[in-house]
Protein chains: 2
Amino acid sequence: MARNNAKDIFLNYIKEKGLRYTKQREAILEAFLASGKHITIDDLYNTVKKTNQEIGYATVHRNLKLMTECGLADEIKIGSHKTRFEQKYGHEHHDHLICMKCGKFIEVHDDKIERLQEKLAEANDFAPQRHKLEIYGLCKKCR
Amino acid sequence: MARNNAKDIFLNYIKEKGLRYTKQREAILEAFLASGKHITIDDLYNTVKKTNQEIGYATVHRNLKLMTECGLADEIKIGSHKTRFEQKYGHEHHDHLICMKCGKFIEVHDDKIERLQEKLAEANDFAPQRHKLEIYGLCKKCR
DNA sequence: ATTAATATTGATAATTATTATCAATATAGC
DNA sequence: GCTATATTGATAATAATTATCAATATTAAT
Ligand SMILES: [Mn+2]
Ligand SMILES: [Mn+2]
Ligand SMILES: [Zn+2]
Ligand SMILES: [Zn+2]
């Protein structure tokens, strides 16, 4: 299943790079794969801390970066807030509607928009690699 | 012309809010309206410093915020870099293609994408107010 | 023009988030 | 087990933004 594949990707990446698999690294990986959407470093730090008292903040930070490098995680930077991470492996690409009042993230996807973006880039002799589409406004409850 | 209208907008905003029109404020406004695209606070600070030796960084920062509030400027936050500002008044809305190698910004606009975004928001009971579309990749020269 | 109320300024401190440093320790291959 | 070295955790450094505050400037009223 996806959980195990994700773990394999991480383990392979670790091995390829000549890195080592530590207890902390495992705890952080597990916690991340079990996490919900759009978590901050603090979120993950606090979660891991419960079962791993002596974990350091920097270690969580470093390993989230590592998971991002190997494609398991995606960084999301919203406004001036702190960086959030979300699971990427086994999750389709999507964009976000962000409520300016309650902070809710709605995940959306529109193939037409995606294709038009490709065209738009092409028309400008630009080779797109990734994009960020964030629509800010008010959600159903807040408007 | 646009330059004067922009200035009027700022002056009206100042007056409405019971604020005061200072030499520094005027210098910063003029410099901003004469500025090119996507400038940082430092950029504007250095420009204004040439004719206004004793200007403070915080004053430039505060006034850029003020210009943003009244609709003259737009903030652009790219990756982890510092905030950039661009002129908004008299400039059509656009999105950006950003070269990951040379840092070039290409300004683009696609009405179809804009309309599809509206639809997408609507389909999610979301009232969109503004959005950010950034496509990262390689420009003609860099690929 | 004086005055009084208060908004603004500039220097600097505080805050926030991220990243670097480094000695102690843990890991992996032999 | 031994060795080379990657990792960790505490903390410092960095970077960007925002807050503080006493001195000063602006505005409107007199
Ligand atoms: Mn998401
Ligand atoms: Mn632009
Ligand atoms: Zn909401
Ligand atoms: Zn380029």
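We name chains A, B, ... by the order of the sequence lines, and we start the count at 1 in each one.
Atom CD in A:Glu26 sits about 14 Å away from atom C1' in C:dT27, given to the nearest Å. Rounded to a whole Å, the CZ atom of A:Arg62 is 9 Å from the P atom of D:dT7. As rounded to whole Å, 14 Å separates atom P of D:dT7 from atom CE of A:Met67. Rounded to an integer number of Å, the gap from B:His81 NE2 to D:dA16 P is 9 Å. Straight-line distance from the CG atom of B:Leu64 to the P atom of C:dT9: 12 Å, rounded to whole Å. The distance between atom NE2 of B:His61 and atom P of C:dT12, rounded to the nearest whole Å, is 18 Å. Spacing between atom CD1 of B:Ile28 and atom C1' of C:dG10 amounts to 11 Å, rounded to whole angstrom units. Atom P of nucleotide C:dA26 and atom CD1 of A:Ile55 are separated by 13 Å, given to the nearest angstrom.
Regarding contacts with the backbone of D:dT7, every side-chain N or O of A:Asn63 stays at 4.0 angstrom or more from both OP1 and OP2. Close to C:dT27, at under 4.0 Å from its OP1 or OP2, lies a side-chain N or O of A:Lys23.
Across the interface with DNA chain D, nearest-nucleotide mapping of B:Arg84 and A:Glu54 shows A:Glu54 to be the residue nearer the 5′ end. Nearest-nucleotide positions on DNA chain C place B:Gly18 closer to the 5' end than the other of B:Gly18 and A:Thr83. Taking for each of B:Asp42 and A:Gly56 the nucleotide of DNA chain D with the nearest heavy atom, the 5'-most of the two is the partner of A:Gly56.
The nucleotide whose nearest atom lies closest to any side-chain atom of B:Thr59 is, among D:dT17, C:dA7, C:dT9, C:dT9. Checking C:dT18, C:dG10, C:dA7 against every side-chain atom of B:Leu19, the shortest atom distance belongs to C:dA7. Here C:dG29 is the nucleotide among C:dG29, C:dT18, C:dA28 with the atom lying nearest to any side-chain atom of A:Lys15. When distances run from any side-chain atom of A:Arg20 to the nucleotides D:dT27, D:dA6, D:dG9, the shortest one goes to D:dA6. Which of C:dT18, C:dA11, D:dT26 sits closest to the side chain of B:Ala58 comes down to C:dA11. Distances from the side chain of B:Gln24 to the nucleotides C:dA28, D:dT7, C:dG10 place C:dG10 closest.
When A:Leu33, A:Thr22, A:Thr47, A:Leu44 are each tested for a side chain to side chain contact (heavy atoms under 4.5 Å, CB included) with A:Ile28, only one passes: A:Leu44.
Not a single donor-acceptor pair under 3.5 Å links the side chain of B:Arg84 to the backbone N or O of B:Ile78.
Taking a cutoff of 4.0 Å between a charged side-chain nitrogen and a carboxylate oxygen, B:Lys119 and A:Asp110 do not qualify as a salt bridge.
Rounded to 10 degrees, the angle separating the terminal helix axes of the helix from C:dA1-D:dT30 to C:dC30-D:dG1, each built from five base pairs, is 30°.
Neither side chain, A:His91 nor A:Glu107, offers a donor N or O lying under 3.5 Å from an acceptor on the other. For the residue pair B:Glu134 / B:His96, no side-chain donor-acceptor distance below 3.5 Å is found, with atom types taken as modelled.
Closest non-hydrogen pair, B:His131 versus B:Asp95, comes out as NE2-OD1, 3.4 Å.
B:Met67 is connected to B:Ile41 through a chain of hydrophobic side-chain contacts under 4.5 Å among Ile, Leu, Val, Met, Phe, Trp and Tyr, so both are in one cluster. In terms of hydrophobic clustering, with Ile, Leu, Val, Met, Phe, Trp and Tyr side chains grouped at heavy-atom distances under 4.5 Å, B:Leu120 and A:Tyr136 are assigned to different clusters.
Backbone-only engagement by A:Arg25 is indicated by non-hydrogen atom pairs under 4.0 Å involving sugar-phosphate atoms exclusively. Here A:Asn52 lies out of heavy-atom contact (under 4.0 Å) with every strand. B:Lys65 comes within contact range of the sugar-phosphate backbone alone, with a heavy-atom separation under 4.0 Å but no base atom that close.
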